[in-house]
Structure formats: C-alpha cells, structure tokens
*Asks:* 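I'd like to ask some things about the structure below.
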Amino acid sequence: MGSVIDGAIEEGSLTEKKPTVVFVLGGPGSGKGTQCANIVQHFGFTHLSAGDLLRAEIKSGSENGTMIQNMIKEGKIVPSEVTIKLLQKAMQESGNDKFLIDGFPRNEENRAAFEAVTKIEPKFVLFFDCSEEEMERRLLNRNQGREDDNIETIRKRFKVFLESSLPVIEHYNAKGKVRKIDAGKPVEEVFEDVKIIFTSNSEKATV
Ligand SMILES: Nc1ncnc2c1ncn2[C@@H]1O[C@H](COP(=O)(O)OP(=O)(O)O)[C@@H](O)[C@H]1O
Ligand SMILES: Nc1ccn([C@@H]2O[C@H](COP(=O)(O)OP(=O)(O)O)[C@@H](O)[C@H]2O)c(=O)n1
Ligand SMILES: [Mg+2]
C-alpha cells in the first residue's frame, strides 16, 4: 500500500498524466471527419472536430456566433482563443484521455497558442494528402447543408490551406511527427493505411 505522501503525489498535478493528442490535418474535403469516425470505432479515441465545435457554438446562440459564422462563410480562421476554449471544454467533458483533434491547428497562431495554453505536444500528426480536384468534387457533393461548401468559399478555403495550414504541417514534419496518408483513394483503402499507423504507434516519420 502506498504511503500518505505517495497518495498525495499521485493525486497532485505533478504526476497528472497529460492526455494523448493526435492532430488530424489535411485540406477541406480530404476526409478528416470520415476517417476520424473510423479511428474512434477501432482505437478508443474521442473525436473533436474544431469546425463542428465552432458550428455548434453558432447554433447555441453564443455572443461569438455571428463572428464565427462570418469567418466560416469567408473560409477564414477563427481566433485561437475562441477555438481553444471550445476544445478544452470538450476535452474536459469527454472523460477520455485520448483525442483526435480534427482540423486544428490550422495556422501558426492556432498551433503556438494551443501549445502555450495546454502545454500539450501532439503524439503525431496525421496528414491526409489529397488533390484539390478530388477535394473540390467531394465538398460539392457533401450535402450537409454547410454554408461554406460552395465554390466561392471552397476556393478561399484552399488558399487558406496552402498559405496558412501547410506551414503548420511543415513545422511538425521538421520534428518528424507527420504521418502522411494518400487520401485520394476510396475510404476503406485510406483506412487500411490509417490502421497501420495507429497499430504501429508510429515512431518514424513518413514524409
Ligand atoms: N476516401 C474518400 N473517397 C471518396 N469520398 C470521400 C472519401 N472520404 C470522405 N469522402 C466524402 O467526402 C466528403 C468530405 O469528407 P469529410 O470526411 O467531411 O472531409 P473533411 O472533414 O476533411 O472536410 C464527405 O461527403 C465524405 O463522405
Ligand atoms: N481550427 C479551425 C478549424 C475550423 N475553422 C473554421 O471552420 C471552417 C470549417 O472547418 P472544418 O474543419 O469543419 O472544415 P473541413 O476541413 O472539415 O471541410 C474553416 O474553414 C474555418 O472557417 C477555424 O476557424 N479554425
Ligand atoms: Mg471535417
């Protein structure tokens, strides 16, 4: 049996284990949400989509709702402060300690702020690599009634992805943390590659 002191240390913040976080990144329509649903089923992660959390925030009638709605319509990235608060709340409420954070960080500001606020480094970064042509086709057929799945906004989102989100992937690539997946294949084939990464626990860089 542990001593009183052991018990105190075990319960204290000093030894509190940080959650496991995998960032799931890739252009709009690359299949992040689809594959996350599969990963949840097989590997016991909780899926947190930054976009879904922001859309829920709009629906809840929050004071930030109008600002978020305008940013999404323009394909722009919502200030980190807002998105990180939503992610932290969802992490706390989940009761889990393994998270797939989908669609975040989408720019350097997202990345640096998350690191500064949570002190969490991702275990690895799953990067769904897909051609714009294929992503455009998928988004135009998504049929979820999203205000940003129209050709004008899609073009803006592609530009933001290239200019702001790819540098984040480069940042993690330089640290050997990126696991790149060919996301242009059918859903089942992509998931076969995803499974290998989650099963092997993936210590090696693949980009
Ligand atoms: N590998 C795939 N092949 C064809 N269609 C796909 C594939 N993965 C996802 N989709 C479809 O493409 C659309 C976008 O997928 P989604 O998972 O929402 O992507 P993201 O979250 O990256 O925007 C959805 O309608 C989804 O059903
Ligand atoms: N980290 C994030 C993620 C999404 N968003 C906003 O939410 C929109 C939709 O994000 P999403 O992840 O649901 O989109 P998909 O890549 O899944 O198509 C983005 O275009 C941004 O406007 C954001 O501002 N910051
Ligand atoms: Mg998505």
Side-chain angles (χ1 to χ4, degrees), residues 21 23-41 47-59 62 64-88 90 99-115 117-118 122 125-169 181-195:
V21 163
F23 288 145
V24 182
L25 303 178
S30 58
K32 301 181 293 296
T34 303
Q35 295 298 329
C36 281
N38 284 334
I39 299 165
V40 164
Q41 297 288 317
H47 173 209
L48 301 178
S49 157
D52 286 351
L53 290 169
L54 290 167
R55 284 183 287 274
E57 188 68 0
I58 298 172
K59 276 211 183 125
S62 111
N64 283 322
T66 311
M67 179 274 289
I68 298 171
Q69 191 165 25
N70 289 333
M71 302 288 277
I72 289 181
K73 187 80 209 283
E74 287 303 311
K76 290 183 183 158
I77 297 166
V78 173
S80 303
E81 198 194 321
V82 172
T83 315
I84 290 172
K85 270 201 195 121
L86 295 173
L87 285 169
Q88 282 185 303
F99 301 96
L100 298 169
I101 301 195
D102 159 5
F104 182 100
R106 252 182 162 91
N107 62 10
E108 270 299 302
E109 194 224 354
N110 273 183
R111 185 195 66 71
F114 184 83
E115 214 172 285
V117 172
T118 68
V125 175
L126 203 56
F127 168 36
F128 291 115
D129 189 28
C130 193
S131 70
E132 272 195 14
E133 192 191 13
E134 174 65 15
M135 292 194 288
E136 182 179 310
R137 201 168 22 240
R138 291 180 189 176
L139 293 174
L140 291 174
N141 287 314
R142 182 148 59 182
N143 282 329
Q144 288 177 357
R146 276 177 51 169
E147 280 200 81
D148 55 348
D149 282 349
N150 58 79
I151 193 61
E152 295 80 35
T153 311
I154 288 169
R155 297 243 157 90
K156 290 178 184 163
R157 290 157 73 197
F158 284 161
K159 191 161 183 282
V160 167
F161 175 69
L162 291 178
E163 289 175 358
S164 305
S165 308
L166 269 183
V168 173
I169 294 164
I181 303 266
D182 176 0
K185 300 188 286 186
V187 174
E188 299 72 27
E189 288 179 34
V190 176
F191 190 55
E192 285 305 311
D193 294 344
V194 167
K195 264 197 289 200

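Along the sequence shown, residues are numbered consecutively beginning with 1. Quick caveat: nothing in here was measured; it's all calculated off a predicted structure. One-based numbering, in listed order, for ligands and for the atoms of each.
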*Asks:* Give the single entry among Val78, Val82, Ile84 that approaches atom 24 (O) of ligand 2 most closely by any heavy atom.
*Replies:*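 Among Val78, Val82, Ile84, the closest heavy atom to atom 24 (O) of ligand 2 comes from Val78.
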*Asks:* As a check for students: among Arg146, Arg137, Gln144, Arg138, identify the option with a heavy atom nearest to atom 10 (N) of ligand 1.
*Replies:* Arg138
*Asks:* Would you say Arg142 and ligand 2 have an N/O pair spaced under 3.5 Å apart?
*Replies:*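 Indeed, backbone or side chain, Arg142 has an N or O that close.
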*Asks:* As an exercise, identify every atom of ligand 1 less than 4.0 angstrom from a heavy atom of Gly27.
*Replies:*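 By the 4.0 Å cutoff, the relevant atoms are 22 (O).
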*Asks:* If you measure from the Lys or Arg side-chain nitrogens to the Asp or Glu carboxylate oxygens, is any gap between Lys156 and Glu152 under 4.0 Å?
*Replies:* no
*Asks:* Given that the side chain starts at C-beta and the backbone is N, CA, C, O, which of these parts of Ser49 lies under 4.0 Å from ligand 1, counting heavy atoms, or is it both or neither?
*Replies:* neither
*Asks:* If hydrogens are left out, which of Met71, Lys76, Arg138 has an atom nearest to atom 22 (O) of ligand 2, that is, the closest non-hydrogen atom?
*Replies:* Lys76
*Asks:* Keeping Lys32 on the side-chain end and Gly26 on the backbone end, is there a donor-acceptor pair under 3.5 Å?
*Replies:*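 The answer is yes, because a donor-acceptor pair under 3.5 Å joins these two groups.
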*Asks:* With respect to Glu134, determine whether any N or O atom, backbone or side chain, lies less than 3.5 Å from an N or O atom of ligand 1.
*Replies:*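 By distance alone, the answer is no.
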*Asks:* Run through Leu25, Val194, Thr34 and flag the one making a side-chain contact (heavy atoms from CB on, under 4.5 Å) with Phe128.
*Replies:*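 Checked Leu25, Val194, Thr34 against Phe128; only one passes side-chain contact (heavy atoms from CB on, under 4.5 Å): Val194.
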*Asks:* Relative to ligand 2, is Asp148 under 4.0 angstrom through side chain, backbone, both or neither, heavy atoms considered?
*Replies:* side chain
*Asks:* Quick one: does Gly103 get an N or O within less than 3.5 Å of an N or O on ligand 2?
*Replies:*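 It does: an N or O of Gly103 is found under 3.5 Å from an N or O of ligand 2.
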*Asks:* Of the backbone atoms (N, CA, C, O) and the side-chain heavy atoms from C-beta on, which set of Glu147 has a member under 4.0 Å from an atom of ligand 2: side chain, backbone, both, or neither?
*Replies:*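 Neither part.
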*Asks:* Determine whether the side chain, the backbone, both or neither of Gln144 has a heavy atom under 4.0 Å from any heavy atom of ligand 2.
*Replies:* neither
*Asks:* Whether Asp148 and Lys76 form a salt bridge (side-chain N of Lys/Arg under 4.0 Å from carboxylate O of Asp/Glu) is what I want to check.
*Replies:* no
*Asks:* Answer with side chain, backbone, both or neither: which part of Asp102 has a heavy atom less than 4.0 angstrom from an atom of ligand 2?
*Replies:*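 Within the 4.0 Å criterion, Asp102 makes no contact with ligand 2.
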*Asks:* Could you tell me whether ligand 2 has any atom less than 4.0 Å away from a heavy atom of Arg55?
*Replies:* yes
*Asks:* Counting only heavy atoms, tell me which of Glu188, Glu189, Arg142 gets closest to atom 14 (C) of ligand 1.
*Replies:* Arg142
